[in-house]
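Below: the structure, in structure tokens.
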Amino acid sequence: QVQLVESGGGLVQAGGSLRLSCAASGTIFRLNTMGWYRQAPGKQRELVASMTVGGIKTLADSVKGRFTISRDNAKNTVYLQMNSLKPEDTAVYYCRFTDYGTGTVYWGQGTQVTVSS
């Protein structure tokens, strides 16, 4: 019912920046959370950042001060501005949408972020 389209991944050098976008479409319930998770090879998928429709943000300690999350609720889009990227940020980044009306969690297909040293 909800489709997620991600964009903005790519290859950058350490210290560089990327901006990820995720647009949700379909049946959008007002009360929801959108965020970003990442998964590196051999590791568990972990929360990077999330944001409620009301503006409450959560950031992983490892990205505080470097990444910022924002939303455009009119466009049902969440952004992740990634600055001062490090090689350890290399992972597949997945957009996540939690619908609090149904309790359903939706995932994007993932976008690769690679940071070279």
Side-chain angles (χ1 to χ4, degrees):
Q1 191 61 242
V2 174
Q3 295 80 45
L4 304 174
V5 179
E6 302 158 320
S7 63
L11 172 65
V12 297
Q13 296 185 56
S17 298
L18 286 173
R19 182 176 175 86
L20 305 183
S21 299
C22 175
S25 62
T27 303
I28 307 299
F29 187 66
R30 175 172 294 276
L31 299 182
N32 64 75
T33 298
M34 297 185 71
W36 295 92
Y37 286 68
R38 67 187 181 188
Q39 188 167 27
K43 296 184 178 180
Q44 289 185 292
R45 190 173 298 186
E46 64 180 5
L47 173 70
V48 178
S50 66
M51 189 172 181
T52 70
V53 69
I56 305 300
K57 300 177 181 179
T58 300
L59 291 172
D61 288 342
S62 61
V63 305
K64 288 180 179 177
R66 300 188 298 121
F67 293 7
T68 58
I69 188 168
S70 61
R71 292 183 59 149
D72 184 338
N73 292 332
K75 297 180 179 179
N76 297 125
T77 300
V78 64
Y79 306 94
L80 185 68
Q81 180 65 47
M82 309 165 68
N83 298 326
S84 302
L85 282 162
K86 304 174 180 179
E88 47 263 50
D89 295 318
T90 296
V92 178
Y93 284 68
Y94 296 91
C95 182
R96 186 181 195 252
F97 180 101
T98 303
D99 182 340
Y100 291 124
T102 64
T104 305
V105 175
Y106 299 90
W107 292 94
Q109 67 178 6
T111 184
Q112 178 71 46
V113 171
T114 302
V115 184
S116 63
S117 59

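Just so you know, these numbers use all the heavy atoms, side chains as well, and skip hydrogens, waters and symmetry mates. Keep in mind it's a predicted model, so treat the numbers as computed, not measured. The first residue of the sequence shown is numbered 1, and numbering continues consecutively from there.
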Run the numbers on Met34 and Met51 for side-chain contact (heavy atoms from CB on, under 4.5 Å), then give the verdict. CA-CA 6 Å; Met34 297 185 71; Met51 189 172 181; over 6 Å; no
If two hydrophobic side chains count as joined below 4.5 Å and joins carry through other members, does Leu4 share a cluster with Tyr79? no
One should read off an interatomic distance between Ser25 OG and Asn76 CG, to the nearest 0.5 angstrom, of 8.5 Å
If you apply the rule side-chain contact (heavy atoms from CB on, under 4.5 Å), what do you find for Thr90 with Gln112, and how did you get there? CA-CA 8 Å; Thr90 296; Gln112 178 71 46; 4.0 Å; yes
Please find the pair of heavy atoms, one from Ala24 and one from Ile28, that lie closest to each other, and give the distance. CB-CD1, 3.9 Å
Do Val78 and Cys95 have side chains that get closer than 4.5 Å, going by heavy atoms? yes
Side-chain heavy atoms of Arg96 within contact of Val105, under 4.5 Å: yes
By the definition ring pair (Phe, Tyr, Trp, His ring centres under 6.0 Å), identify the one residue from Phe97, Tyr93, Tyr37 that meets it with Trp107. Tyr37
Answer yes or no: is there an ion pair linking Asp61 with Lys64, defined by an N-O contact shorter than 4.0 Å? yes
With side-chain contact (heavy atoms from CB on, under 4.5 Å) as the test, would you mind laying out the steps for Phe67 and Leu85 before giving the verdict? CA-CA 9 Å; Phe67 293 7; Leu85 282 162; 3.8 Å; yes
Heavy-atom side-chain proximity of Gln1 to Thr102 below 4.5 angstrom: no
Report the residues that fulfil side chain to side chain donor-acceptor pair (under 3.5 Å) with Arg71, sequence neighbours left out, ordered by chain and then residue number. Asn32, Asn73
Trace of the side-chain contact (heavy atoms from CB on, under 4.5 Å) decision for Trp36 with Glu6: CA-CA 10 Å; Trp36 295 92; Glu6 302 158 320; 4.1 Å; yes
Work out which heavy atom in Ser117 is nearest to a heavy atom in Pro87; give both atom names and the distance. CB-CG, 3.9 Å
Do the non-hydrogen side-chain atoms of Met82 and Val113 ever get within less than 4.5 Å of each other? yes
Between Thr33 and Thr52, is there a donor-acceptor pair closer than 3.5 Å when you use the side chain of the first and the backbone of the second? no
Can you give me the closest heavy-atom contact between Ser17 and Asn83, atom names plus distance? OG-OD1, 2.8 Å
Path from Tyr106 to Val53 over hydrophobic side-chain contacts below 4.5 Å: no
Shortest non-hydrogen pair, Asp89 vs Ser84, comes out as OD2-O, 4.5 Å
Do the non-hydrogen side-chain atoms of Arg38 and Val63 ever get within less than 4.5 Å of each other? yes
Looking at Val12, Thr114, Leu80, Thr111, which hits side chain to side chain contact (heavy atoms under 4.5 Å, CB included) with Leu18? Val12
